[in-house]
Structures are given as C-alpha cells and as structure tokens.
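Read through the structure below, which is laid out as structure tokens, and then see the notes.
On a predicted model such as this, the values are computed, not experimentally measured, just so you know.
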Amino acid sequence: MSVEEAGEYGDVLQLSKEEIMNKAFCSDEAAFEFYRRAGLRERRHYDRLDRQRGHRPKTRTNCEAKLSVYLDVVSGIWRAHGVPTSKILGYMAGQSGGYSLMGFTKKDAYNYINKAKRAKIIDGDANAAVVYLEGKAGADPMSMARYNLTKDNMLGNMFWADGGSRVDYQYFGDVLAFDSTYKKNKYQRPLVIFSGVNNHKQTTIFGFGLVLDESVGSYKWLLESLLEVMCKKQPSVVVTDGCDSMKAAIKSVFPEATHWLCAWHMEKNVTANVKEEGLRQCFTQWLYLEMEIDEFEAEWDDAVEEYGLQNSFWAKETFQKRMMWANAYLQDKFCAGFRTTSRCEGINAYVKNFLKSRHSLLDMVKNLELVLREYRNNELLAQFRSLHGMPVMTTCLDPLEKYDAHAYTREIFVDAKKEIVGVSAVNFVAKIRRSTTMVYTLEEYGDPGREVIVLYDRVSKKMECGCNFWRQKGIPCRHMFFVMKNEHLTRIPESLVLNRWRKDAKSLDKYAETTEVASEISFLLRHGTLHAAAQWMLYVGGRSPSSFTQALNGLHTLCQELDRGPENGGQKKAVDTVELHDPVVAKTKGAPRVRRQGGRKKRCTRCRKTGHTKRYCNADRSFVSKGEDSKEFEATNLGSKGSSPTEQVRFEQGKKGVPGPNNLSTHVWLEASGSKIRSHREIPAATGRKETMEWERNMISNTDEVLAQLMTQATDISSRLGSSFPA
C-alpha cells in the first residue's frame, strides 16, 4: 500500500481486526502513516510514594491503538567482526556439513589470513599505518596526524585525530584527561588516549597518541602536537594519575592549566602508605569536602602531630602536591565532574575488546576507529533522547524545572532537578539590598551556623554563590534556586547556563562572540555546527531510495557551488620523501616479570645447562651472533631515558646556520595525497599559517660504523651456519 492510500484510512474504526492484520505496506513510512503512534501513561506511575527510579520522558499522547510491523528479509549480507578464526571455521563447517566438506583445512585458512595481513604491511608496519592515516586525511580533510623519527628513521612518537575529535575538543576541551595503557601493539609502545566530557556527561575522545617511552620528552612532544592540532586551545583543567613525567610535561606545555591528580589514585596511595584508619578518613574528607584553605592546613598540622608524621617522606611529598588534590584549593575550578581518571580506565577496558598485544600498528589504528565509532554512536543516541521526549515535571518550582528541561540535556537536567528538590533543605536567614544587588544569607537544614552568601543583581541578572558549586559543576546550586524562587524568576539567568551543557551545545551562535571569521577555530566550530545540523538530513535521506537520491544530488550540487568560491582555492604543498622504518619493542615502566620457581627449568640452547640462557653462556662464545647482540643493545637503549626524540630545534624554512638532518631526527606531517610518506613544509592554505620543520636530537650512542661491523660479522656467521636472519 502506498503512502497516499494509507492516508485514506482516516477512520480505522470501520476496519475489522482481520482486515488490519491482512494489510501490507511498501515501506515503514506507509505503515506509520496508517497508524500514528500514541498512548497515555497511567497516572498511578506518577503518584507512587515508593518510587526509586526517576521518571522516563513522555513520548506518547492519547491513543490506545497498537500496531506491530516487521520486515521480511528475503536476502541479505551479514559481516562478522571480533569473532575468533576458530569459531568462524566452526560455523562454516556447520554450514557445509563438516570440516571434510569445506574444501580446505584449518591450516589453509590460517595461512590465508596471515598472508592477507602481511600483504597490507609489505612496505613495513609503521609505513602502512602512516599511509593509512594519510588516506584517511584524503577522505576527511580535517583529519591530522603528527609523528617524528629517530636517528635510524624508526618511528618515534605519533599523534592523530580526525575531524570529529578536533571539533569536539573546541566545544568540550576545557577539561582534558589522559592516561597510558599497555599491551595494545606488538611493539609494547604505550598508547595514550585523550578524552573529555561532552554535554551528555559521556566520555568523548579527542585523539590518540603512541609514545616511544614514558619519559618527559615523549609526553611533552605529545602534548605539543595535541596543542597544535587543536588550534592552540589550551585546557583549563588536566586530570591524570600521579605520573611524574606527565606532571612535568603538563607544567611545560600547559602552564596556565590546573593539574588535577586523580582522587582514586590518591586514595589508593594513602591506603598503601597509611595504616591508621582515622588518617584515611581525614584524607577522604580533604579530597572531597568543602572547606577553606586555612581550615585544611590547620587540620593537616593536627594530623601530622597526632599520627607522628613529622619525619614521614610520604607526608612531606603529599603535602607539597596539596594544590593538585585537596578540594580546598580546587573547589572553585570547573572540572565537569572529572575528579578521577575512571573514564580513562573505562576507555582502556573497552579498548581491550578491540586491541591485542600481537596487533600491528595498522591493526591498532584501524581498530581504534571502531572504538571511536562506538562512542560517537552513544552520543548520537543521547542527543536523540534529549531532543525527543519531555521529562516529567515533579517539583513545585514548575517554571524553573521546565526551563531546565528545555535548555539542558537529559543527563544535566537530572542533576539540576536534584538541586531544585534540595531547595526545601535551605533556610532563609537574612536579605539586604545594596543598590541593585540583593544579598541573601542562607543556611542548610542540619548545619546551623554555617552561612552561605548569595548575590543577585536585578538589573544584569547575574548571580553568585559562596558555595562554589556552580563554579565546579557548571549548574546552579540549591542556594541559587532558592533565590530564584524568592525573586519569582520563571527561568534561569542566561549567565548561569553553560553552553557546554545545553542541548544545542554545538550551535555556532553560542560562540559567535568568541571566534574570528578567518581563524581555524571558527572553521572547526562552523564544521561542528554543520555536522550537527546535517544529522536529521542524514536520517531522513536514508529512509527511502527516492529521498536518498534527492539528498545525494542536492549535496553534490551544493558542494560544487560552495567549492567555486574564491576562499576555497588552495596552494599545492611542497613535500619531501622520508624513509620510515618499523619501531623496536619498547621497554615500559612497571615491575619486571617474575620467573616461575616451580615446574620444568629452562635450559641453555647452547650448552643444555640450567640457570642461564645462550646470551650469557660462556661455552664457545664464537657461536654468539653479533647481530643479536647489537639488536638487543638497540632495543634496550632506544626506550631508555633521554632517548626520546623530543629535544627540538625549530627553524623557519631557508634560515641559515641551523644544523641539518644528518645527526637529528625529523618531525613529519601527513599529507592527504599520494601513497608515500612525506614531510610537509607547509600546511593547507585554509589555515593561512606557515609550518616549521623540526629536527630533533637523538641520544642513541651507537654509531653507523659499529653497526656496519656488527652486521658484517652477523652475516658471515649466518652464512657459515646455513641460516638467515628474519627480515
């Protein structure tokens, strides 16, 4: 039945149940036209006194009809991902009637898969990953990546972010968190994931980084690359664990940002170093409770005296970092609810489903795109729920609650509603008028004598509260809502509604006064606004073949018209070819592996004795491969302190008197053209800025002559033994 025919059934009361059941529709739109979904929630669900959960938003009106339709799929294609090869073979064997009827063996399947993987990285793993990112930049011109090389042209550090992540950072990059995770690639390189909080209180990913080691230099290079890719926008708060290397890098690259140590790691540190339960409870209060700085320092001095911590190294070190963890120093800093790195740990745990320690760099980069896709899908669903559906009003301050539901996303509305409910626990003490400003003195029930001062200007509609709840959370506190009630306000003052918490957080008009027309930041904001506005077009255009064709043709026409503009003319970028080698296995921090004491002992493959390996065997040292020794030396020293290629010497193109690339490593940008790796001298013309080439010092001590001698000896020994070294 067509859409026009479905519209003729205005009076379905004349149709019997059997007639409705026998109807067939050409599309789900026709079925929806035949039946307009509605309904009504029973009133008893609103008035339950024992209700624990919050009310779900109302999405129905007043119709009791129900109609279910289904799609009869005659043929389709299903693709599997993340399923082990053995289970795939078992499924194929079941479909074909047994392993003997498949036409190939398990070994054939594994060989085919390995051959396909090797074909993708025929020019080297690092080169394949970089070329893949280069291709992504061709599909998404806003994608950017940075990497540098060691002296031997091996991949050093790498950072990459696509256009969506760069846009999200402009809106939600005021609070940044990052942490390193291990065993996500076969080179044991630490993977760093930068994340934040979007307007739905969900984790959003800003970019990924792969570091040579966990030294200060590596993290400094990574943060500098992040800053450059994100148009020099610095975060106001950075949340990490207690890593000293991260601390030094953040202080150098983000000098104005507040470095916030993870509260969970601080509590864990206290549990490991403090035995007194009373001191642990005090430390928890210092982490979370509101108190003045003088009050905190007095309590700390009392605790040091009571528990005898005058000579404790842990106490002295912890007190020196007090401005990075004590709430007395941080309670006026906006953190978007990011007090711990638990979101980072959540990402790391989720990434385990996609990444394995045996994965190549190319596999890692591809699978991280899948992780990013899942997080963005969650954001899309949350945005849909916030835009469609009206929350149930349950408080007595109905106008303020409705305005909260209209302005905030659903998740933020829940938090704001709790503060509206908390108005009942606020007591009025006094009110004084100073010109156009009203000074309210309040106190909370159960805490008499602890006064809270709230200032409200009736002309400018500005409001401030001494509890610092709004400064830290970004939503009005119960004291502010109390004043709004007394002032008979029907909406929250605009100065108290943060743009990052609104439903339309990615609307450009919210940021028009802070951006310049020709700046790259304004370009990213415009891109984000267009992306958010296009979501509904993508949904409507994909529902039917006709609407899809209409939307696609319209987009092609519009893009051609926009591309003819004079501001879209670009200049060709000068490039230089750079040879890139695969990295070696990095040595990460942490406790060394403990050898098993029981069971069968390992024997030396040369003398067959226990207690050592052939590397340390003294029997006939002439059989020791010099090539293996040099490789071990290179692997252990490349990831050591000072080896990170991050001591940079910047210079403009054509400047004289600057060392060349013979003894230094190079900093490379990715280009969205060609299939080889190139180092850029100039960024796309849309940014209007010149880039500099960076040559960086390398601290590896072995020389080309020594390596040449070792490899010559290794080749000679290999030929005599009749073996060859792996490529």
Review point. Rounded to the nearest 0.5 Å, what separation is found between the CZ atom of Phe104 and the CG atom of Asn111?
Key: 12.0 Å

Practice item. Taking the side chain as every heavy atom from C-beta outward, state whether Val211 and Arg189 have any atom pair closer than 4.5 Å. Key: no

Review point. Got a donor-acceptor contact below 3.5 angstrom from the Glu374 side chain to the Glu369 backbone?
Key: no

Practice item. Please work out whether the ring planes of Tyr219 and Phe178 are parallel, tilted or perpendicular, with thresholds of 30° and 60°. Key: tilted

Check your understanding: For Phe194 and Tyr169, what are the C-alpha separation, side-chain angles and deciding distance, and is it a ring pair (Phe, Tyr, Trp, His ring centres under 6.0 Å)?
Key -> CA-CA 10 Å; Phe194 296 93; Tyr169 184 85; 9.0 Å; no

Review point. Is there side-chain contact between Val371 and Leu355, with heavy atoms separated by less than 4.5 Å?
Key: no

Check your understanding: Is there side-chain contact between Tyr375 and Gln202, with at least one heavy-atom pair below 4.5 Å?
Key -> no

Practice item. Determine the minimum heavy-atom distance between Ala109 and Leu89, stating which atoms define it. Key: CB-CD2, 3.6 Å

Practice item. To the nearest 0.5 Å, tell me how far Thr105 OG1 sits from Lys107 NZ. Key: 9.0 Å

Study note, to complete from the structure: Taken to the nearest 0.5 Å, the spacing of Arg343 CZ from Ser195 OG works out to 8.5 Å

Review point. Is Lys506 close to Asp168 at the side-chain level, that is, under 4.5 Å between some pair of heavy atoms?
Key: yes

Revision key, fill the gap. Tightest non-hydrogen contact, residues Ile193 and Ile205, listed as CG2-CG2, 4.1 Å

**Study point:** Heavy-atom pair of closest approach, residues Met142 and Arg166
**Key:** O-NH1, 2.9 Å

Check your understanding: In this structure, are over 12 heavy atoms from other groups packed under 6.0 Å from Tyr350 atom OH?
Key -> yes

Review point. Looking just at side-chain N and O atoms, do Asp213 and Ser218 make a donor-acceptor pair shorter than 3.5 Å?
Key: yes

Review point. Do Leu223 and Phe254 have side-chain heavy atoms sitting under 4.5 Å apart?
Key: yes

Practice item. Please say whether more than 12 non-hydrogen atoms of neighbouring residues, nucleotides or ligands are located less than 6.0 Å from NZ in Lys233. Key: yes

Exercise for review: Report yes or no: is the cationic atom of Lys473 (NZ for Lys, CZ for Arg) under 6.0 Å from the centre of the six-membered ring of Phe334, at an angle within 45° of the ring normal?
Suggested key: no

Check your understanding: Please walk me through it: do Glu214 and Lys220 pass salt bridge (charged side-chain N to carboxylate O under 4.0 Å, His left out)?
Key -> CA-CA 10 Å; Glu214 295 188 281; Lys220 183 179 178 181; over 6 Å; no

Practice item. Report the C-alpha distance between Ser357 and Gln188 in whole Å, list the side-chain angles of each, state the deciding distance to 0.1 Å, and finish with yes or no for side-chain contact (heavy atoms from CB on, under 4.5 Å). Key: CA-CA 7 Å; Ser357 59; Gln188 300 300 315; 4.3 Å; yes

Exercise for review: Report the C-alpha separation of Met246 and Asp241 in whole Å, then their side-chain angles, then the decisive distance to 0.1 Å, and conclude whether the side-chain contact (heavy atoms from CB on, under 4.5 Å) test is met.
Suggested key: CA-CA 8 Å; Met246 292 182 181; Asp241 57 15; 3.7 Å; yes

Practice item. Find out whether Asn199 and Gln383 are in side-chain contact, i.e. whether some heavy atom of one side chain is under 4.5 Å from a heavy atom of the other. Key: yes

Check your understanding: Can you tell me if Ser236 uses its side chain to pair, donor with acceptor, with the backbone of Asp174 under 3.5 Å?
Key -> yes

Practice item. May I ask you to decide if Val197's main-chain N or O and Arg500's side chain share a donor-acceptor pair within less than 3.5 Å? Key: yes

Review point. So, Asn185 side chain and Tyr187 main chain: donor-acceptor pair closer than 3.5 Å or not?
Key: yes

Point to revise | Any Arg339 side-chain heavy atom under 4.5 Å of Cys262 side chain | key: no

Practice item. Would you kindly say whether Ser546 and Thr549 are connected by a side-chain donor-acceptor distance under 3.5 Å? Key: no

Practice item. With the side chain counted from C-beta on, respond yes when Asp125 and Leu155 share a heavy-atom pair under 4.5 Å apart, and no when they do not. Key: no

Check your understanding: Do Thr258 side-chain atoms and Val237 backbone N/O form a donor-acceptor pair below 3.5 Å?
Key -> no

Point to revise | Whether His388 side chain and Arg385 backbone form a donor-acceptor pair below 3.5 Å | key: no

Exercise for review: Using the side-chain contact (heavy atoms from CB on, under 4.5 Å) rule, take Val216 and Lys247 through it: C-alpha gap first, then chi angles, then the decisive distance, then the call.
Suggested key: CA-CA 8 Å; Val216 177; Lys247 176 183 176 183; over 6 Å; no

Exercise for review: Check whether any side-chain N or O of Asn148 sits under 3.5 Å from a backbone N or O of Asn157 as a donor-acceptor pair, and report yes or no.
Suggested key: yes

Review point. Should the pair Arg502 and Tyr408 be classed as cation-pi, given the thresholds of under 6.0 Å to the six-membered ring centre and 45° from the axis?
Key: no

Exercise for review: Could you give me the CA-CA distance, side-chain angles and deciding distance for Trp260 and Thr240, then say whether side-chain contact (heavy atoms from CB on, under 4.5 Å) is met?
Suggested key: CA-CA 7 Å; Trp260 204 317; Thr240 68; over 6 Å; no

Study note, to complete from the structure: Nearest heavy-atom approach of Gly242 to Leu261 is CA-CD2, 4.2 Å

Practice item. Locate the shortest heavy-atom distance separating Arg146 from Val229; write the atom from each residue and the value. Key: CG-CG2, 4.2 Å

**Study point:** Distance in Å, Lys184 NZ paired with Phe354 CZ, rounded so as to fall on 0.5 Å steps
**Key:** 12.5 Å

Review point. Counting only N and O atoms by type, is there a donor-acceptor contact under 3.5 Å from the side chain of Ser252 to the main-chain atoms of Ala248?
Key: no

Check your understanding: Between Ser165 and Arg376, is any side-chain donor less than 3.5 angstrom from a side-chain acceptor?
Key -> yes

Check your understanding: Hey, what do you get for CZ (Phe338) to OG1 (Thr203), rounding to the nearest 0.5 Å?
Key -> 6.0 Å

Study note, to complete from the structure: Partner of Trp160 under ring pair (Phe, Tyr, Trp, His ring centres under 6.0 Å), picked from Tyr147, Phe206, Phe208, is Phe208

Practice item. Without swapping roles, check the side chain of Asn348 against the backbone of Cys344 for a donor-acceptor pair under 3.5 Å. Key: yes

Check your understanding: Distance only, no hydrogens: is a donor on one side chain within 3.5 Å (strictly under) of an acceptor on the other, for His200 and Glu379?
Key -> no

Check your understanding: Checking Ser360 side chain against Asp363 main chain: does a donor-acceptor pair fall under 3.5 Å?
Key -> yes

Review point. For the side-chain contact (heavy atoms from CB on, under 4.5 Å) test, which of Asn198, Asp415, Ile412 pairs with Trp501?
Key: Ile412

Check your understanding: Could you give the distance from CD1 (Ile347) to OG (Ser342), rounded to the nearest 0.5 Å?
Key -> 10.0 Å

Review point. Shortest non-hydrogen contact from Leu498 to Gly474?
Key: CD1-CA, 3.4 Å

